Colleague: 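One structure, pasted below without further comment.
If you're wondering where the values come from, they're calculated on a predicted model, not measured in any experiment.
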Amino acid sequence: MDDSYSFYTLSACPTWSFLNRPEFHAGYAILTVGFIIPHMNYVTSMSTHALVALGHLTLGVWGLLLVCSIDVFGWNVLFFLLNLAHFGYFTWKARPVALTRELRDLYGAVFAPFNVSRREFKALCSIGRIQTLKNGECYAEEGKTPTGNLSIVLYGKIKVYCGSEFLHHILDKQFLDSPEWDAYDTNQADKFQVTLKATSYCKYLMWQREALLEFLKTNPFMRQIFLHLIGHDVAKKLTLLTERQWNHLGIKPDIRLSAMETEQL
């Protein structure tokens, strides 16, 4: 074999050294810990890149001051800078999401159980707007207010009337117009067929139909959550009316519900 390629053979290393400086072992130990961290979220990814950057920095110092090799130092500095940039990116992505107290309560009670991230929830809130109702003020009037939006109560209490007949309450963390939203697809109602009147100071989050549908179109996970939440809310209102029918014979069903649900009453 040509002598120029003798460094590929074990004969080129007649004496093996099994010990090296502590900086060398420390650098590779840090890299090992960094690479075995599972990538589960932004925090774990941030930890991985921080440790890998520290490991390459340690090896760079070892290559510059102890081995006196500019190529070892240069490659490790390059990897250090790349991982430092990734660390900065994941740190920015993992920053806390600021929410108001009302939105924090809504997130914790309604969306957190479905493992919706605070960032996704804030994006959802950003396409809506927060509105208020004074005591005695109407959110919707029977036969006058058009349907199409979707609102959820942040806090307060609202009564639902059909004519002068009381149907049920709507409390905080419940949808105001889930039956209208559900019936809108079948074109069963263009205007509210009930009156929703606040019995205390209320605050609610409202989404316009077009904006919310566009958001849900690009987020299938959130779309499934809304289908569940709206269906559960409609079923809860149906249950309240059914219980009233059992307790008071002759009460009329909630005409906001779809035809199939009304027949079940």
Colleague: Passes side-chain contact (heavy atoms from CB on, under 4.5 Å), Arg118 versus Arg104? Steps please.
Modeller: CA-CA 9 Å; Arg118 291 170 68 95; Arg104 284 199 306 270; 4.2 Å; yes
Colleague: Taking NZ in Lys157 as the centre, count heavy atoms belonging to other residues, nucleotides or ligands within less than 6.0 Å. Is the count above 12?
Modeller: no
Colleague: Quick check: closest heavy atoms across Val194 and Leu196, and the distance to 0.1 Å?
Modeller: CG2-CD1, 3.5 Å
Colleague: Of all the heavy-atom pairs spanning Phe79 and Asn83, show the shortest one and how long it is.
Modeller: O-ND2, 2.8 Å
Colleague: Kindly compute the distance separating CD1 (Ile158) from NE2 (His168), expressed to the nearest 0.5 Å.
Modeller: 11.0 Å
Colleague: Can you sort out the partners of Lys144 under salt bridge (charged side-chain N to carboxylate O under 4.0 Å, His left out), two or more places apart, ordered by chain and number?
Modeller: Glu141
Colleague: Apply side-chain contact (heavy atoms from CB on, under 4.5 Å) to Tyr161 and Lys159, showing your working.
Modeller: CA-CA 7 Å; Tyr161 296 91; Lys159 284 187 174 182; 3.2 Å; yes
Colleague: Using the rule that Ile, Leu, Val, Met, Phe, Trp and Tyr join whenever any side-chain heavy atoms are under 4.5 Å apart, tell me whether Leu229 and Tyr107 fall into a single cluster.
Modeller: yes
Colleague: Is any side-chain heavy atom of Gln208 closer than 4.5 Å to one of Asn149?
Modeller: yes
Colleague: Test side-chain contact (heavy atoms from CB on, under 4.5 Å) on Phe35 and Val52 and set out the steps.
Modeller: CA-CA 7 Å; Phe35 284 124; Val52 172; 4.0 Å; yes
Colleague: On a heavy-atom basis, which atom in Lys191 and which in Gly143 lie closest, and how many Å separate them?
Modeller: CD-O, 3.3 Å
Colleague: Check whether Phe175 and Phe114 end up in the same hydrophobic cluster, where Ile, Leu, Val, Met, Phe, Trp and Tyr are linked by side-chain heavy atoms less than 4.5 Å apart.
Modeller: yes
Colleague: Just checking, any donor-acceptor pair under 3.5 angstrom between side chains of Asp105 and Tyr155?
Modeller: no
Colleague: Taking all atoms of both residues into account, what is the closest heavy-atom pair of Leu167 and Cys162, and its distance?
Modeller: CD1-CB, 3.9 Å
Colleague: Any side-chain heavy atom of Trp181 sitting closer than 4.5 Å to one from Val234?
Modeller: no
Colleague: Mind checking the CZ-CZ spacing from Phe121 to Phe111? Nearest 0.5 Å is all I need.
Modeller: 6.0 Å
Colleague: Run the salt-bridge test on Glu137 and Lys197 with the 4.0 Å N-O cut-off and return the result as yes or no.
Modeller: no
Colleague: Starting from Leu84, can I reach Val61 by hopping between I/L/V/M/F/W/Y residues whose side chains sit under 4.5 Å apart?
Modeller: yes
Colleague: Using only atom types and a distance under 3.5 Å, with no angle test, would you say the side chain of Gln174 pairs donor to acceptor with the backbone of Leu171?
Modeller: yes
Colleague: Would you indicate whether the side-chain heavy atoms of Val33 and Tyr28 approach each other to under 4.5 Å?
Modeller: no
Colleague: Out of Thr218, Leu216, Leu212, which one pairs with Arg223 under the side-chain contact (heavy atoms from CB on, under 4.5 Å) rule?
Modeller: Leu216
Colleague: Side-chain heavy atoms under 4.5 angstrom apart, residues restricted to Ile, Leu, Val, Met, Phe, Trp, Tyr: same cluster for Leu213 and Ile152?
Modeller: yes
Colleague: Below 4.5 Å, heavy atoms only, C-beta onward: do Leu59 and Phe80 meet side chain to side chain?
Modeller: no
Colleague: Answer whether the closest heavy-atom distance between the side chains of Thr195 and Cys138 falls below 4.5 Å.
Modeller: yes
Colleague: Are the ring centres of Tyr89 and His49 closer than 6.0 Å?
Modeller: no
Colleague: Using side-chain contact (heavy atoms from CB on, under 4.5 Å), reason through Ile230 and His232 one step at a time and then give a plain yes or no.
Modeller: CA-CA 5 Å; Ile230 293 173; His232 181 269; over 6 Å; no
Colleague: Can a donor-acceptor pair be found, under 3.5 Å and without considering hydrogens, that links the side chain of Glu142 to the backbone of Gly163?
Modeller: yes
Colleague: To the nearest 0.5 Å, how far apart are CZ in Phe87 and CG in Leu82?
Modeller: 15.0 Å
Colleague: Determine which pairs satisfy side-chain hydrogen bond (donor to acceptor under 3.5 Å, both in side chains) with at least one residue from residues 54-69, sequence neighbours left out, and list them in order.
Modeller: His56-Asn76, Ser69-Asp71
Colleague: Tell me, with the steps shown, if Trp207 and Phe226 meet ring-ring contact (aromatic ring centres under 6.0 Å, His included).
Modeller: CA-CA 12 Å; Trp207 296 279; Phe226 263 82; 5.6 Å; yes
Colleague: Would you compute the distance between atom OG of Ser178 and atom NZ of Lys236 and round it to the nearest 0.5 angstrom?
Modeller: 11.0 Å
Colleague: Tell me every residue that passes salt bridge (charged side-chain N to carboxylate O under 4.0 Å, His left out) with Asp233, counting only those two or more places apart in sequence or in another chain.
Modeller: Lys237
Colleague: Starting from the C-alpha separation in whole Å, work towards a yes-or-no answer on ring-ring contact (aromatic ring centres under 6.0 Å, His included) for Tyr204 and Tyr139.
Modeller: CA-CA 10 Å; Tyr204 60 93; Tyr139 171 80; 5.2 Å; yes
Colleague: Is a donor on one side and an acceptor on the other found under 3.5 Å between the side chain of Lys173 and the backbone of Leu154?
Modeller: yes
Colleague: Can you check whether Tyr42's main-chain N or O pairs, donor with acceptor, with Ser45's side chain at less than 3.5 Å?
Modeller: no
Colleague: Would you mind reporting whether Asn219 and Glu120 have side-chain heavy atoms less than 4.5 Å apart?
Modeller: yes
Colleague: Give the minimum heavy-atom separation between Thr48 and Gly34, together with the two atoms involved.
Modeller: CG2-O, 3.2 Å
Colleague: What closest approach, in Å, do Cys202 and Gly156 show between heavy atoms, and which atom pair accounts for it?
Modeller: SG-CA, 3.7 Å
Colleague: Nearest 0.5 Å, please: how far is OG1 in Thr44 from CD1 in Ile37?
Modeller: 7.5 Å
Colleague: Using the rule that Ile, Leu, Val, Met, Phe, Trp and Tyr join whenever any side-chain heavy atoms are under 4.5 Å apart, tell me whether Leu205 and Phe215 fall into a single cluster.
Modeller: yes
Colleague: Can you find a pair of side-chain heavy atoms, one from Lys122 and one from Leu99, that are under 4.5 Å apart?
Modeller: yes
Colleague: May I ask you to test the Val116-Met222 pair for a side-chain heavy-atom distance under 4.5 Å?
Modeller: yes
Colleague: Could you state the interatomic distance from CG (Asp182) to OG1 (Thr147), rounded to the nearest 0.5 Å?
Modeller: 11.5 Å
